[in-house]
Amino acid sequence: MPDKVADLRDAELRRLAQQVCAPGAAEPFGVYVFRGDEPGAKLGRHLEGAVFLEAVGNTKELLDEEYGPYEQKSVFICVVDHLRWLPAGVMRVLLPSPVGLKSLNDIEPVWGESAETLVERTGLKLDMGRTWDVATLAVAPDYRGRAARGLVGMGLYQTVVLAARACGVDWLAAILDMPVFR
């Protein structure tokens with residue numbers, strides 16, 4: 001099983017980024033897609049853990065508990081800063097699996113109704129085999145302001161949409177937590 005939220009020091013993080021990213025990349029940023037069991041996924045888990053701890057106080061243990069059932073179907077889209085060799089942004093995408101999609105599984109405990117019931121009411125025909133879950137999205141603090149002007153987020157959104165279209169996926173599910181919404 002891969003490491004969960006990676007506890008990496010800067011030097012280790014930079015070394016890992018250089019190992020898993022395109023050699024000799026001339027662009028300042030690159031977007032990479034890693035299966036959950038690939039070494040590059042540690043970049044995504046590291047940033048996901050750091051941002052979720054900062055933003056909402058989620059510990060490594062809580063993230064391990066929340067996302068553990070979905071590990072086998074986790075894919076990490078990572079924006080890497082090629083100048084600093086650091087992850088700038090990450091999106092954890094969950095592919096269809098027998099355990100379902102986390103965003104949809106999380107609806108009933110809060111809303112008191114299943115996602116199936118809510119979707120049925122809309123009249124939409126949601127094919128779960130053609131639906132991905134954007135389970136997390138995290139952008140490092142250095143890339144949230146004027147310097148990056150939303151480029152990291154745009155890179156993540158563009159990549160998930162292009163990948164979904166290429167794979168025949170019709171729907172993306174996500175939950176936006178209140179701290180992020182504010």
Item to check | Atom CZ of F29 with >12 non-hydrogen neighbours under 6.0 angstrom | outcome: yes

Item to check | Where E113 and I107 come nearest, the two heavy atoms and their spacing | outcome: O-CG2, 3.5 Å

Checklist outcome for this item: In terms of heavy-atom contacts, L47 and A140 come closest through CD1-CB, 3.7 Å

Item to check | Between OG on residue S97 and CD on residue E71, distance to nearest 0.5 Å | outcome: 11.5 Å

Checklist entry - How about V90 and L43: do any of their side-chain heavy atoms sit closer than 4.5 Å? => result no

Next on the checklist: So R121 and L118, do their side chains get closer than 4.5 Å, heavy atoms only?
Outcome noted: yes

Item to check | Set of residues satisfying side-chain contact (heavy atoms from CB on, under 4.5 Å) with respect to R14, sequence neighbours excluded | outcome: D10, R84, W85, L86

Checklist entry - With a 4.5 Å heavy-atom cut-off, do L95 and W132 have their side chains touching? => result yes

Item to check | Minimum-distance pair of heavy atoms, taken over all atoms of V80 and A17 | outcome: CG1-CB, 4.3 Å

Next on the checklist: Taking transitive links into account, so neighbours of neighbours count too, which hydrophobic residues share a cluster with L151 at under 4.5 Å side-chain distance?
Outcome noted: M154

Checklist entry - Taking all non-hydrogen atoms of both residues, which atom of V152 and which atom of V79 are closest, and how far apart? => result O-CG2, 3.9 Å

Checklist entry - Got a sec, which residues hit side-chain hydrogen bond (donor to acceptor under 3.5 Å, both in side chains) with E66, two or more places apart in sequence or on another chain? => result K102

Checklist entry - Under the side-chain contact (heavy atoms from CB on, under 4.5 Å) test, which residues partner A135, sequence neighbours left out? => result Y67, R92, L94, D133

Checklist entry - For E54, which residues count as a side-chain hydrogen bond (donor to acceptor under 3.5 Å, both in side chains) partner, sequence neighbours excluded? => result R144

Output side-chain donor-acceptor pairs under 3.5 Å for residues 163-174, partner residues at least two apart or in another chain, one line each.
| residue | atom | partner | partner atom | Å |
| --- | --- | --- | --- | --- |
| D170 | OD1 | R130 | NH2 | 3.3 |
| D170 | OD2 | R130 | NE | 2.7 |
| D170 | OD2 | R130 | NH2 | 3.3 |

Checklist entry - How far apart are the closest heavy atoms of T131 and P96, and which atoms are they? => result O-CG, 3.3 Å

Next on the checklist: For a side chain to side chain contact (heavy atoms under 4.5 Å, CB included) check, start with the C-alpha distance between M128 and L104, then their side-chain angles and the critical distance, and finish with the verdict.
Outcome noted: CA-CA 10 Å; M128 294 309 296; L104 299 181; 3.3 Å; yes

Next on the checklist: Under the rule for side-chain contact (heavy atoms from CB on, under 4.5 Å), what residues qualify as partners of E116, not counting sequence neighbours?
Outcome noted: S114

Checklist entry - How would you list, by chain and number, every residue that makes a side-chain hydrogen bond (donor to acceptor under 3.5 Å, both in side chains) with N58, sequence neighbours excluded? => result none

Next on the checklist: Restricting to ring pair (Phe, Tyr, Trp, His ring centres under 6.0 Å), what partner residues turn up for F34, sequence neighbours left out?
Outcome noted: none

Checklist entry - Shortest non-hydrogen contact from A138 to F52? => result CB-CE1, 4.3 Å

Checklist entry - Looking at residues at least two apart in the chain, or sitting in another chain, which of them share a side-chain hydrogen bond (donor to acceptor under 3.5 Å, both in side chains) with K73? => result none

Checklist entry - Donor-acceptor pair, Y32 side chain versus A22 backbone, under 3.5 Å? => result yes

Checklist entry - Is there any salt bridge (charged side-chain N to carboxylate O under 4.0 Å, His left out) pair reaching into residues 17-35, and which pairs are they, with sequence neighbours excluded? => result R35-D37, R35-E38

Item to check | Within-4.5 Å side-chain heavy-atom neighbours: R15 and Q19 | outcome: yes

Checklist entry - Could you give the distance from CZ (R9) to NE2 (H46), rounded to the nearest 0.5 Å? => result 10.5 Å

Checklist entry - Who pairs with L53 by side-chain contact (heavy atoms from CB on, under 4.5 Å), at least two apart in sequence or on another chain? => result none

